[in-house]
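Hydrogens, waters and symmetry mates are skipped; everything else that's a heavy atom, side chains included, is used. What you see is a predicted model; the values in this text were computed from it and never measured.
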Amino acid sequence: MRDTLQDGLEAARSWRPEPVRAELERVYAGIPSLSPPPPWVRDLHRGDADAWQILSRAQQAAFEAVLRQVWPAVQDLHQAQFTRHAVTVAEHGIGVALTDLVPGSRLLGGVWELDAPDGLDIRPEGRGLLLLPTFHWTGNPLISDLPDHPVAVTYPAGPGLPLHPSAGETSLSEVLGRTRFAILLLLEHEHTTSDLARRLGVSNATASAHTTALRGAGLITTFRDGRAVIHHRTHLGSLLVHRTQNQP
């Protein structure tokens with residue numbers, strides 16, 4: 001995972017040669033011998049620098065051809081996914097959030113079971129779990145289990161290709177709900193629970209329930225000052241709001 005496309009493309013060059021060779025051998029083991037790997041793949045297996053350049057150019061070309069035009073939509077869809085599931089975790093717990101991510105999956109005794117063509121038993125052993133939504137893949141979840149890295153689960157979360165540039169037009173207010181979105185806007189500045197309730201025309205209990213969900217999702221923080229409960233938007237909450245406000 002990297003912050004920019006270029007950093008992500010360059011990160012591939014840091015892959016250790018052992019898993020690269022192992023993956024190439026695994027893939028080509030299922031291909032008939034009448035279809036040998038092309039020369040650049042054989043060179044990549046040997047670790048040839050020119051082959052890595054070919055791979056880098058191919059990755060860049062794939063992005064330009066498939067994703068460049070719809071990249072703003074992908075970013076908006078990713079924002080909506082993160083917000084929706086962060087609130088689900090806050091309100092209903094990680095078990096509900098995980099089973100919502102992948103329909104048909106099950107959380108049984110601390111084991112997340114996914115339907116897949118091949119049986120795998122993966123144990124993160126403290127490495128963590130990285131959840132990656134993809135909006136152009138509609139098949140089974142893709143799992144990456146590399147040494148010294150979090151286990152990454154790439155799960156389908158969109159319509160697949162072709163992805164229309166307007167696919168990400170679900171607003172943050174639709175994802176959060178109008179009242180929670182209004183709270184997030186108000187919390188550019190600090191407000192107490194009773195102040196939020198008064199401004200929004202809801203009860204203190206309703207305002208408290210909404211702030212609890214937003215706090216659990218990491219979008220606001222809360223602290224006490226005497227008897228007052230004061231809320232403020234986090235940096236993450238501000239990023240989501242600013243991105244929404246800057247959309248055309």
Side-chain angles (χ1 to χ4, degrees), residues 1-24 26-27 37-38 40-41 43-45 47-86 101-102 127-172 175 217-219 234-248:
M1 296 296 294
R2 296 295 188 271
D3 291 332
T4 69
L5 172 66
Q6 193 58 43
D7 286 346
L9 294 175
E10 291 174 358
R13 190 63 186 90
S14 68
W15 297 339
R16 292 189 295 110
E18 294 84 6
V20 171
R21 287 196 293 268
E23 282 297 287
L24 289 173
R26 181 186 64 82
V27 169
W40 75 271
V41 171
D43 292 342
L44 192 63
H45 186 272
D48 183 80
D50 289 340
W52 279 102
Q53 289 296 323
I54 293 173
L55 177 62
S56 178
R57 290 196 299 270
Q59 289 177 306
Q60 181 73 56
F63 178 86
E64 297 295 337
V66 178
L67 291 175
R68 172 66 74 185
Q69 183 180 2
V70 297
W71 194 241
V74 170
Q75 292 175 300
D76 292 341
L77 287 165
H78 193 281
Q79 169 186 291
Q81 275 285 305
F82 171 84
T83 305
R84 182 180 298 112
H85 291 294
L101 286 178
V102 182
R127 290 176 292 148
L129 182 66
L130 183 63
L131 302 172
L132 303 171
T134 175
F135 309 100
H136 49 277
W137 166 258
T138 57
N140 291 310
L142 307 174
I143 300 176
S144 172
D145 182 19
L146 297 175
D148 303 321
H149 287 74
V151 175
V153 178
T154 302
Y155 64 94
L161 293 174
L163 190 64
H164 193 272
S166 64
E169 289 183 353
T170 300
S171 67
L172 188 58
V175 175
L219 303 182
T234 63
H235 179 61
L236 175 61
S238 295
L239 284 175
L240 295 179
V241 168
H242 292 160
R243 178 163 179 80
T244 298
Q245 293 174 332
N246 291 332
Q247 287 175 345

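- Under the side-chain hydrogen bond (donor to acceptor under 3.5 Å, both in side chains) criterion, His78 pairs with no residue, sequence neighbours left out.
- In this structure, Phe135 and Val74 approach most closely via the heavy-atom pair CE1-O, 3.8 Å.
- Contacts of Arg16 classified as salt bridge (Lys or Arg N to Asp or Glu O under 4.0 Å), with partners at least two apart in sequence or in another chain: Glu18.
- Rounding to the nearest 0.5 angstrom, the gap separating the CG atom in Leu55 from the CZ atom in Arg13 is 9.5 Å.
- At a threshold of 4.5 Å between non-hydrogen side-chain atoms, the residues Leu5 and Gln60 count as touching.
- A search for side-chain contact (heavy atoms from CB on, under 4.5 Å) contacts involving Leu142 returns Trp137, Thr154, not counting sequence neighbours.
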- request: Please test Leu129 against Val153 for side-chain contact (heavy atoms from CB on, under 4.5 Å), starting from the C-alpha separation and ending with a verdict.
  value: CA-CA 7 Å; Leu129 182 66; Val153 178; 3.7 Å; yes
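- The closest donor-acceptor contact from the side chain of Thr134 to the backbone of Tyr155 lies at 3.5 Å or more, if one exists at all.
- Residues Gly218 and Thr234 share a closest heavy-atom pair of O-OG1, 2.8 Å.
- Residues in residues 64-75 take part in these salt bridge (Lys or Arg N to Asp or Glu O under 4.0 Å) pairs, two or more places apart or across chains: Glu64-Arg68.
- With sequence neighbours excluded, the residues forming a side-chain hydrogen bond (donor to acceptor under 3.5 Å, both in side chains) with Thr4 are Asp7, listed by chain and number.
- In this structure, Arg57 has no salt bridge (Lys or Arg N to Asp or Glu O under 4.0 Å) partners at least two apart in sequence or on a different chain.
- Applying the salt bridge (Lys or Arg N to Asp or Glu O under 4.0 Å) rule to Glu23 yields the partners Arg26; only residues at least two apart in sequence or on another chain are considered.
- In this structure, the side chains of Ile54 and Leu44 stay at 4.5 Å or more apart for every pair of heavy atoms.
- Ser14 contributes a side-chain N or O that, together with a main-chain N or O of Ala11, makes up a donor-acceptor pair within less than 3.5 Å.
- Partners of Phe82 under the side-chain contact (heavy atoms from CB on, under 4.5 Å) rule, at least two apart in sequence or in another chain, are Ala86, Leu236.
- Under the salt bridge (Lys or Arg N to Asp or Glu O under 4.0 Å) criterion, Asp145 pairs with Arg127, sequence neighbours left out.
- Annotation: the span from Leu132 atom CG to Ile143 atom CD1 amounts to 11.5 Å, rounded to 0.5 Å.
- Among residues two or more places apart in sequence or in another chain, the side-chain contact (heavy atoms from CB on, under 4.5 Å) test is passed with Pro38 by Tyr28, Trp40, Val41.
- Of all non-hydrogen atoms in Pro156 and Gly139, the two that sit nearest each other are CG-O, 3.3 Å.
- Qualifying side-chain contact (heavy atoms from CB on, under 4.5 Å) partners for Ser144, counting only residues two or more places apart in sequence or in other chains: Leu146, Ala152.
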